[in-house]
**Q** 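What follows is a single structure, and I will ask about it in a moment.
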Amino acid sequence: MYRASRGTQDILPQEQDYWRYVQRTAEELCRRFGYQRIDTPVFESADLFVRGVGDATDIVIKEMYTFEDRGGEQLTLRPEGTAPVCRAYLERGMASLPQPVRLHYFCPIFRYERPQAGRYRQHHQFGIEAIGDAGPAIDAEVIQLGWLLVATLGLKGASLKVNTIGDPSCRPTYLQELRSYYQARLASLCPDCQARYHRNPLRLLDCKQQTCQPHILEAPRSADHLCPDCQRHWTSLQQYLEELDLPFQVEPRLVRGLDYYARTVFEVQPQEEGSQSTLVGGGRYDGLIQALGGRPTPGIGFGAGLERLVLNLRSQQVPVPAVIPRPVVVAHQGKEADPRGAQVATQLRQHGISVLVAPSSRSLRAQMRYASSMNARFVVILGEAELARGVLTVRDMDQAHQQELTLEQATSLLSLAAGPATGQ
RNA sequence: GUGAGCGUAGCCCAGCGGUCAAGGCGCCAGGCUGUGGCCCUGGAGAUCGAGGGUUCGAAUCCCUCCGCUCACCCCA
């Protein structure tokens, strides 16, 4: 038997309510903030991600789904959302639009990782990008939208972590500082951290090992080693966040894994202290567009994991609107009534009513059971007696009451009770 | 890539060396032949993840592989 590939999953009908809820909530926020939708291809030139995300990142080193197509091109299934949007910004001349350009997207993301709770090889992200504005006010706007997403969904206990990691003019100095601090302590670090020291010193700061925690507490902080420009940006951003009443916490240990981040980084973390503790993650990427061959252009954005949002909605039992309507079921009996049932269904559907025709060649009893299990509010019964008299029996399943009506009468009754306007 | 746990019908699961692998949910049918939700009865559905081994005999013990889950790395 075939199975879904490791790390992929089917989103079944009974789970769609959550997904729909998250998407609608996110779309509505984007509408209010003026972030327009963009869709980019699921695959792109592999080089876009190598250059954009950084050839030293885990994503590029070991997580990309890259393949050669029949024309010999190296293509990669999108492992993150920002680089493709920036590519589109450059390719489609969005630099000549009024700046900043505000965009949002929903898309599948592919990374070759070992799956675990809240982590998949194919997952889905909602994300936004604000490209072409270097000021801290837009940082605050993006962070606010990320926070409002989680808050509006109704998730409790989430926290907003913000940090700055400097820019190319001050980060090298800071990294040197960090390295020399850790150099003396190398021997007492966990094996992972010893590797990080060489490979990616910033990562030393968010090690989860108990033994490394004391070192982290006293480590030099990037926020204390900013150049004047970064310092101004950082101070100003915090003022904006306060004025927007965002409950943010400065988290000196917060770093992000993609090379393109500069200055502002932030995350929204869920109440559950699990390992997958990022619901929303993002930051500023002022060097990215230039790295992709464009004029120097600032940008900031975030990605939100839809699976993780849904997971948390479920575990917190947040009520979400049901999208499956209560249908009308057409029950029918007899050779002549069978085809007539489909005609009645067609007529009702033309009036926007959700209609299921009961499986034929079942007893009326079985068809009524079927209607019950489909959660039908009304059943239209069409048998020989109805056919002979040119009427329909319409049964209200909740009231356990039925009446004979003409097709016209039934249509108007059911339109009122089960039509698209009521939704239920 | 590393470590741990687990694999019995669509789902939840009992059985833990010995007759045709039990139960619940769900599904289908019937309960006087035109009427649901409860209840009752019946039915379909499992090569007990796969392969090999031990044994007179294995779902039950051993080995290998595969898969799933969780954690690390890292990330949404």
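By convention in this document, chain letters (A, B, ...) are assigned in the order of the sequence lines, proteins followed by strands, and residues within each chain are numbered from 1.
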**Q** Assess, by modelled atom type and distance only, whether the side chains of A/T393 and A/Q402 contain a donor and an acceptor separated by less than 3.5 Å.
**A** no

**Q** Salt bridge (Lys or Arg N to Asp or Glu O under 4.0 Å) for A/R389 and A/E404? Distances and angles first, verdict last.
**A** CA-CA 10 Å; A/R389 261 177 291 162; A/E404 288 192 354; 2.9 Å; yes

**Q** Between B/G36, B/A71, B/A76, spot the one nearest the side chain of A/M368, thanks.
**A** B/G36

**Q** Is there a donor-acceptor contact under 3.5 Å linking the side chains of A/R340 and A/Q343?
**A** yes

**Q** Given the rule in the side chain to side chain contact (heavy atoms under 4.5 Å, CB included) test, do A/V250 and A/F248 qualify, once you have shown the distances and angles that lead to the verdict?
**A** CA-CA 7 Å; A/V250 175; A/F248 71 102; 4.0 Å; yes

**Q** Side chains of A/D396 and A/H401: do they bring a donor and an acceptor to under 3.5 Å?
**A** no

**Q** Return the nearest nucleotide to the side chain of A/I381; candidates are B/U69, B/G34, B/A76.
**A** B/G34

**Q** Hey, does the side chain of A/R196 come within less than 4.0 Å of B/C74's phosphate (OP1/OP2), counting only N and O?
**A** yes

**Q** Hey, what's the ring geometry for A/F266 with A/F302, parallel, tilted or perpendicular (30° and 60° as the breaks)?
**A** perpendicular

**Q** Just to be sure I understand the rule, does A/G81 reach a base, reach only the sugar-phosphate, or reach nothing, if contact means heavy atoms closer than 4.0 Å?
**A** nothing

**Q** Distance check, P atoms only: B/C48 and B/U8, in whole angstrom units.
**A** 11 Å

**Q** I need the residues from residues 395-402 of chain A with at least one non-hydrogen atom less than 4.0 Å from RNA chain B; give them sorted by number, or say none.
**A** A/R395, A/M397, A/A400, A/Q402

**Q** What does A/Y120 touch in the nucleic acid at a heavy-atom separation under 4.0 angstrom: a base, only the sugar-phosphate, or nothing?
**A** base

**Q** Should A/R3 be listed as having a side-chain N or O under 4.0 Å from OP1 or OP2 of B/G49?
**A** no

**Q** Which nucleotide, in any strand shown, forms a Watson-Crick or G-U wobble pair with B/U69, with both distances under 3.5 Å?
**A** B/A4

**Q** Are more than 12 heavy atoms from other residues, nucleotides or ligands located less than 6.0 Å from atom CZ of A/R37?
**A** yes

**Q** Please report the distance separating the P of B/G53 from the corresponding atom of B/A29, rounded so that it comes out in whole Å.
**A** 46 Å

**Q** Looking for any heavy atom pair under 4.0 Å, which part of the strands does A/R362 touch: base, sugar-phosphate only, or nothing?
**A** sugar-phosphate

**Q** If you take the centroid of each ring, where Trp contributes its six-membered ring, are A/Y285 and A/Y261 closer together than 6.0 Å?
**A** no

**Q** Any residue in residues 53-67 of chain A with a heavy atom nearer than 4.0 angstrom to RNA chain B? Just list them by number, or reply none.
**A** A/D58, A/K62, A/E63

**Q** Under 4.0 Å, heavy atoms only, any strand: does A/A385 hit a base, just the sugar-phosphate, or nothing?
**A** base

**Q** Parallel, tilted or perpendicular, judged at 30° and 60°: which one describes the rings of A/F33 and A/Y35?
**A** tilted

**Q** With sugar-phosphate meaning primed atoms plus P, OP1 and OP2, does A/E384 contact a base, only sugar-phosphate, or nothing at under 4.0 Å between heavy atoms?
**A** base

**Q** Using a 4.0 Å heavy-atom cut-off, does A/L279 contact any base of the nucleic acid, only the sugar-phosphate backbone, or nothing at all?
**A** sugar-phosphate

**Q** Remember a base hit wins even if backbone is also touched, and classify A/Q9 as base, sugar-phosphate or nothing at under 4.0 Å, heavy atoms.
**A** nothing

**Q** Please give me every residue in residues 18-37 of chain A whose heavy atoms get under 4.0 Å of an atom in RNA chain B, ordered by residue number.
**A** none

**Q** Any chance the side chains of A/E267 and A/T278 put a donor and an acceptor closer than 3.5 Å?
**A** yes

**Q** Indicate whether OP1 or OP2 belonging to B/C68 is found under 4.0 Å from a side-chain N or O atom of A/R6.
**A** yes

